[in-house]
Amino acid sequence: MTRNILLRVSVAILFLYFAVALLAPFIAPYGATAIVGAPLQPPDSEHLLGTNNVGQDIFSQLVYGSQVTLIFGFCSALLSVSISTCAGIVLGYYGGSVDEVVCRVLDVLMPIPIFPLLIVLTTFFNPGVVQVSIVMGVLGSIHGIRLIRAPALSLAETPFIEGAKSIGASDLRIMSRHILPNLMPIVTVKFVTASQHFLVMGVGLSFIGLWDTMTVDWGSMIQNAYSGGALSLGLWWWILPPGLAVVGISLALALAGYSLEESFNPRLEVNRI
Amino acid sequence: MIDGQYLLRRIGYSGAAFFVCVSITFFILHLMPGDYITNYLLSLSNTLPKEVVAQFYQQYGLDRPPWEQYLIYIYNILQGQWGYSYQYGLPVFPLIMEKLTWSLVILLPAVLFGIIIGIVLGAWSGWRSGGKKDLALFNFMIVFRAIPEFWWAIMAVWVFAFSLQWFPLGGFSSISVLDSGLDPWDVLYHAILPICLMTSFVATGNYYVMRNSMIAVIGEDYITTARAKGLDEHAVLWNHALKNALLPMVTMTTFQVAGIIMGNVFIETVFSWPGIGLLTTEALTMRDLPLLEGIFLLDALMTIGAMLVADILVSYLDPRIRMGGQ
Amino acid sequence: MEQKPDLKRNRIIIYACLCIIGIAAICVAAWGTGSGTAAGSVTKTPSTTEVIIPEDSSSSITYSSNMQKGGTPPGVYQGLVIKDLNGTFDPALAESWDISADAKVWTFHLVKDASWSDGVPFTCADVKFTNDYMKANNLTLAYVLHDVETVDCPDDNTAVVTLKTSYSGFLDQISRQPGITISPQHIWQNITDPQHYEDNQFIGTGPFVFDQDTAGYVRLLRNDAYYGKKAQVTGVVLKVITNPDSQVLALKNGEVDVVSDITPAVAESLKGEKNIAMYTINDTGAYEVAFNLGQYPSNITAFRKAMSHAVNRDLISSLFGTGRPTETTFLVPSLAGSYVNPADVGMYNYNLTEAREILKSAGFTWDNEGTLLSPDGKAVTLTIPMNTLSSDSNIQKIVSVLKNDWGTLGIKVSTVAYEDKKQYRKAVGANAVFIDSFPVTLHDDADALSDFAVTPLQETNYYNYNNARYNALLDSIHNTADQQAILRMAYQLQDILAEDIPTVPICTSDTIVAYRSDRFTGWDLGPGYYTVTDPRVLTNLTPVQ
Amino acid sequence: MSLLAIADLSVQFESRSGTVPVLDHIDFAINTGERVALIGESGCGKTVFGMSVMRLLPSNARITGSALYAGRDILRASEREMQQIRGKKIAMISQNSAFALNPVLTVGDQIAESLTLHTSCRGEGLEREVIRLLTSLGIERPKENMQKYPHEFSGGMRERILIAMALACNPDLVIADEPTSGLDALVKAQTLRLLKSVMQDRTLLLITHDLGTASALASHTAVLYAGEIVEYGPTHELFRHPMHPYTQGLLASSPSAGFHPIPGMSPAPGQVPHGCRFCPRCSSAMDRCNSTHPSLKKSGNNRQVRCLRYD
């Protein structure tokens, strides 16, 4: 019972975030970068969450910021999971020397620290939202490939795949119609956890200020407030909203991930009533 | 239990992986747009004669083609010569070591405690899975882990250092260090807040894996067999469940220990703790290539070493994995 | 085969671990709260007369050597002269100096009783050595001395510097950041690999001597053998506090004595705090909207003029919270003083109607939706490149205001961020408009106007501005030491700039400094001393009894 | 007096979707020296029965009734008492030898574990005892093999090790749960022979779905269907003259009898019919079978059957 309720609540929260991101122009009273008042005004009826040090409306920034942050989390997770699923299935299904070579390559890539590498690679482009999510997605898939490869490998040896082969199904068909659906639970869980991971990572990157500070997203909002003296001045309305927004979606994704994992892996919920 | 020949092969393979890894990072870093000289000179003056700029490129060896720089770099590495930081003008290795030491003050206890606490709580929770206490702990851990670490750090600094003033605002030590030298207790006092936070992060991650692993193990038939022998719950847990449940943790924790070499840039930023994490981001933004290469090199060394150690450890603990078998 | 002992051993180990963790946690908690309260209530005894100054990053207090990184640590090394904010030069190791009429030969009369902190006397040989050694070893800072042909020592206390070409701005060059400070010959002459030499003694001539560098602190002690005005504080401690908020709080706690660069909001909140006083150093930073004349539409003079009327300097300045609007062609009045040509001040006030008129008369039109169309019918869009790392929040404020104002003129303004300076520079070359910030030392005299020149040494400038008359005038300024002539020509240069508008100065910003008034007085030495680690400020500090 | 007398034993599992009854009012007794087989299709509750006697069911199982062992109700015994009984008085041979042995402990250690727990064997004596056990189960080179890990043995060998573990403390009652599952025919036959010889003068509760195993080992057989015992009797008689239609069907479905499977499926736990549980699949069902639930009745020579036709 608990699991279903948890899953529903977290999905509802996610929908709420998506709705806010999609309807941002209708929800936000002002533009994300428009200067609409005196700097550092506390919340009032005109500015629901007050204004920041540039005189921009924090509530509007929060609403628009959801777009960037969500793109960040979900696009890179989608990319990463797609790459690792495709590569994992192909490697697991064909095996042999290709598999061997790719695994060795992955072994070599593994020791390169992801976080600095991410920063290095984003400098090859302008560190914009899309570029960073692409780089993050590609880098993140390195670890995922192995995760998908193992079950794909054991699936490829099961009788029903042998059966499908024997009736002459093409490799592509076997991989897409037979192996992929069986991996969907693990892929789904991976997608949800990866979204959470990348979302938090993206916010973190932008928090330490390693990409476009003009992009309004929650990380740069926290960074602005943090470096602008929000703590020593006690301006809670400046630093708390973006932080709590991140916490909210991260929590929703985490709970959804755990609930999904439990529902796909009944062993995890032994005796749970 | 370990086949000597296999071990040799494994070490040889690690060496090759290390070499490839170092080469890849070298080229990625050297192809990265921007360079230290441009950044540095532009920060000094907007109007520099061209020949002056050219002279700097030559002085730093950056005017040579990349493959030539690469050969020189590899030659130097083989000589144990890690080069000099552009920005600091100091030898790379001692510079990294100094910053690393400060990072380790936080990360070493945090990772060790985190591993122990995570495993103990995870094992307990998995063993009691389904119980009220387990669920409470599990939900607490999920919530704790879902909150980004920099946010925890900011909040911790705000509450404990800014508002309550129980802990210092940051830094390594009190000013008394100048007169009476480094006092370990004083350093610990400065480090305790970041250590606690980091410990919690490492612990929650390990907790989750350990709990899942434990749940998987207690569903196994051999646990029933053990109970059927008349063993009490403690004996079943200690003699049968724990060792099996710990197997997946070995690789994970080994990598965690190796990972402390990169520091934690969030914790270091928020707690004004200039360690290796901040050094890395600083070197990245300054394009201090020798320093970056040194850091990446050390990390590759540690990670590849960790892989090797994890392999050996697992083969000791798990008789099913025969080295040389596979 | 024994099971029980094995089991017991396991259990004992784990219990032991748990106990250790528990005990450690309890100890730490108990002791942590104990020392915490102690730290909270601690106020330094007045007998300590070391001044503690926070530093933003650990790299700024990690020094390799003075030869590699000029002027470090602060107060230990000295140059020949030291520059004021308002463009004049104070004597340092040179008591006085003479300039030949063609500004080619500079004669410095050195102080007589100066000595290195290890007791060796300072002579002209050190000056000559510094120049020769830097050049011979290709040290980074040698570029500052690029114009120097030779340094000669007629006697121990006179240094004659001969330049390759006439250059009236030579003093400015050797004293402005990073500048050249003199290093001791007797230390460096034996060092063959200066690029990789790690100094750990820092033998200088300044009012302070290096003491130690430990765990995020650097301590400098008073140089009791200093020839000039001796410091009253016994030493200076630099402490790394990376977070600006923590610096402010440390000031409140009394852990540090001064915090520089606080935001206006923080300054407001500090008002009325007991024992904390503040002062403002006016006009320490300056900002401009710069045009790249090589790119459309900035190549249209009318467009630049119209845009100059569309910069709301007052709003930007009010968002900054400090500083004041600048309506000159380039120079900042409070610093450049008489160098500013009054005829060119206030020409381009904020007036959107005027801007529209200028655009209209130049053939620009608007479509139905209000989008600005160029004379050939294309929509005008601008992309402003930003440098992620160096951009302070002030530049973001400027861009936000420009987006609003230029948006009402029908121009779509977008930004693109670059993490790397080289890429940023490239983008500046490829776009029509960029925002620049200068430390004001670059705005304070006629020499600053060379930013717009094209010379044999400087083949281009950021503005892609090339005006033959301007170049010729600037060349003559460099070739003379006659102040009157320089002033006259500077006026003419500004007239040209006012007509061509390669840049729109916006406003300046101030530096607000807060300090413990119960510990030291004498911080606010005057407008010229704009960093708290300036040796003149440090020697001026007086402990409060 | 019987060694183990089970009366009115019911087991239910609580789950999210409600309570699922698995065993229903089982009355059952084993006398010392008897070897009783409990046979039935998978899912009928055989394993649960064995586990409930060992009190090893998961915590969501609700057990009612009584199980008197040597005059003591083991369903009400404390956990500590149960630990004294398990392995020492009642031992179990788990099904699926591939997973029933701890992969990270040597087989010697695993066998010795019961001995250290329940006997005073220590040190060399312990080792001698383990070697004796292994030898008695036909494992060659015991000294060397006891240092090996389970994955180094074949399925048949692992089964022998499991038997050795169960017999280590000379228990009064051995519960063997599918002792030959997963073995190929030849090894199975060997293992059966071995089991038969070591169980000669022991009390055995054999849980199996395999009629051959039951007939080879058991003196008595109980047939379990949908959580109820439907027939009980001496093995030979029961196999020769099966009374319950289900038993008849089972025997007819064995390969040696021509493989005529019983039509339909056994009902899922919790969804059993009101009347006779076998009624929907029974070829000789009568009208009242649909509504009347038959009880287990004595029928002649030491036999019991649950069928309305014998009322």
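Letters A, B, ... mirror the listed sequences (proteins, then strands); counts begin at 1. Only heavy atoms go into these numbers, but all of them, side chains included; no hydrogens, no water, no symmetry mates.
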Parallel, tilted or perpendicular: rings of B:Phe150 and A:Phe207 (30°, 60°): parallel
Toward chain A, the part of B:Phe18 with a non-hydrogen atom under 4.5 Å: neither
CG-CG distance between A:Leu49 and A:Leu62, expressed to the nearest 0.5 angstrom: 6.5 Å
B:Phe140 and B:Phe144 aromatic ring geometry - parallel, tilted or perpendicular at 30°/60° bounds: tilted
B:Met302, part contacting chain A, at a heavy-atom distance under 4.5 Å: neither
Atom group of B:Thr280 that falls short of 4.5 Å from chain A, counting heavy atoms: side chain
Side chain, backbone, both or neither of B:Val270 within contact of chain A (heavy atoms, under 4.5 Å): both
Exam field: side chain A:Ser250 to backbone B:Ala146, donor-acceptor pair closer than 3.5 Å: yes
Atom of B:Leu193, atom of B:Ala156 and distance for their closest heavy-atom approach: CD2-O, 4.1 Å
Contact class of B:Ile142 relative to chain A, heavy atoms under 4.5 angstrom: both
Cation-aromatic face contact B:Arg145/B:Tyr208, 6.0 Å, 45 degrees: no
A:Leu240 versus chain B, the contacting section by heavy-atom distance below 4.5 Å: both
Top contributor to chain A contacts, counting heavy-atom pairs under 4.5 Å, from B:Met262, B:Glu149, B:Met155: B:Met262
B:Thr285 side-chain N/O to B:Thr281 backbone N/O, donor-acceptor pair under 3.5 Å: yes
Contacting moiety of A:Ile249, where chain B heavy atoms sit under 4.5 Å: neither
Region of B:Met32 in contact with chain A, defined by heavy-atom distances below 4.5 Å: both
Chain A interface, residue from B:Thr25, B:Ile147, B:Asp299 that has the most non-hydrogen pairs under 4.5 Å: B:Asp299
Proximity breakdown for B:Leu31 and chain A, heavy-atom pairs closer than 4.5 Å: both
